[in-house]
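For clarity, every value in this text was computed on a predicted model and none was experimentally measured. Numbering of residues begins at 1 and proceeds along the displayed sequence.
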Amino acid sequence: MSHELDPKVGRWYRRLDDEQLFKVVAIDEDDGLVEIRKTDGEIEELDSTEWVELDLEAAEPPEDYVDPDAASDEDEEEEDDVDVDDDEEDEDDDDDWDDDEDSDR
């Protein structure tokens with residue numbers, strides 16, 4: 001059965017035949033491929049013909065789903081925060097050195 005849902009990166013869909021949820025993670029329009037990630041993390045590529053033949057509906061992400069892409073983004077942000085804190089400590093050390101020099105004069 002065909003549908004009129006175009007694949008959109010970041011959107012979730014449900015297969016009506018087996019209730020499987022998946023998220024579109026990439027679209028290659030040149031090759032006509034749609035890359036999806038199932039809730040178990042498995043990546044699958046569908047060609048445009050396969051996509052149109054799927055019996056789908058738009059869906060919400062599962063409540064307990066942790067997106068591996070989002071988790072890696074959060075890890076990078078935490079690393080950036082640590083670097084900022086380290087830089088601030090180094091700046092404080094420089095200020096102390098200047099203060100000591102001023103008091104000797």
So, does Glu50 use its side chain to make a donor-acceptor pair with the main chain of Asp47 at under 3.5 Å?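 Checking the backbone N and O of Asp47 against the side chain of Glu50, a donor-acceptor pair under 3.5 Å is found.
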Treating Trp51 as the side-chain partner and Leu5 as the backbone partner, does any N or O pair qualify as donor plus acceptor under 3.5 Å?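 Such a contact is found between Trp51 side chain and Leu5 backbone.
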Common cluster, [X]/[Y], ILVMFWY with side-chain heavy-atom separation under 4.5 Å:
| X | Y | result |
| --- | --- | --- |
| Tyr13 | Val9 | yes |
| Val24 | Leu46 | yes |
| Phe22 | Ile27 | yes |

Salt bridge (Lys or Arg N to Asp or Glu O under 4.0 Å) partners for Asp18, two or more places apart: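 Scan of Asp18 (salt bridge (Lys or Arg N to Asp or Glu O under 4.0 Å), adjacent residues dropped) gives Arg15.
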Just jot down the salt bridge (Lys or Arg N to Asp or Glu O under 4.0 Å) partners of Glu63, sequence neighbours excluded, or say none.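 Expected list: none.
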Check this for me, if you would: do Glu44 and Lys38 make a salt bridge, where the nitrogen-to-carboxylate-oxygen distance has to be below 4.0 angstrom?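 Lys38 and Glu44: salt-bridged.
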Can you tell me which residue pairs pass the salt bridge (charged side-chain N to carboxylate O under 4.0 Å, His left out) test with a partner in residues 23-35, sequence neighbours excluded?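 Qualifying pairs, neighbours excluded: Lys23-Asp67.
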To the nearest 0.5 Å, how far apart are CD in Gln20 and CG in Leu54?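 So the CD of Gln20 and the CG of Leu54 are separated by 9.5 Å.
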For the residue pair Pro62 and Leu21, establish whether any side-chain heavy-atom pair is separated by less than 4.5 Å.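 They are in side-chain contact.
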Tell me whether Glu19 at atom CD has more than 12 heavy atoms from other residues, nucleotides or ligands lying less than 6.0 Å away.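 Buried by this count: over 12 neighbours within 6.0 Å.
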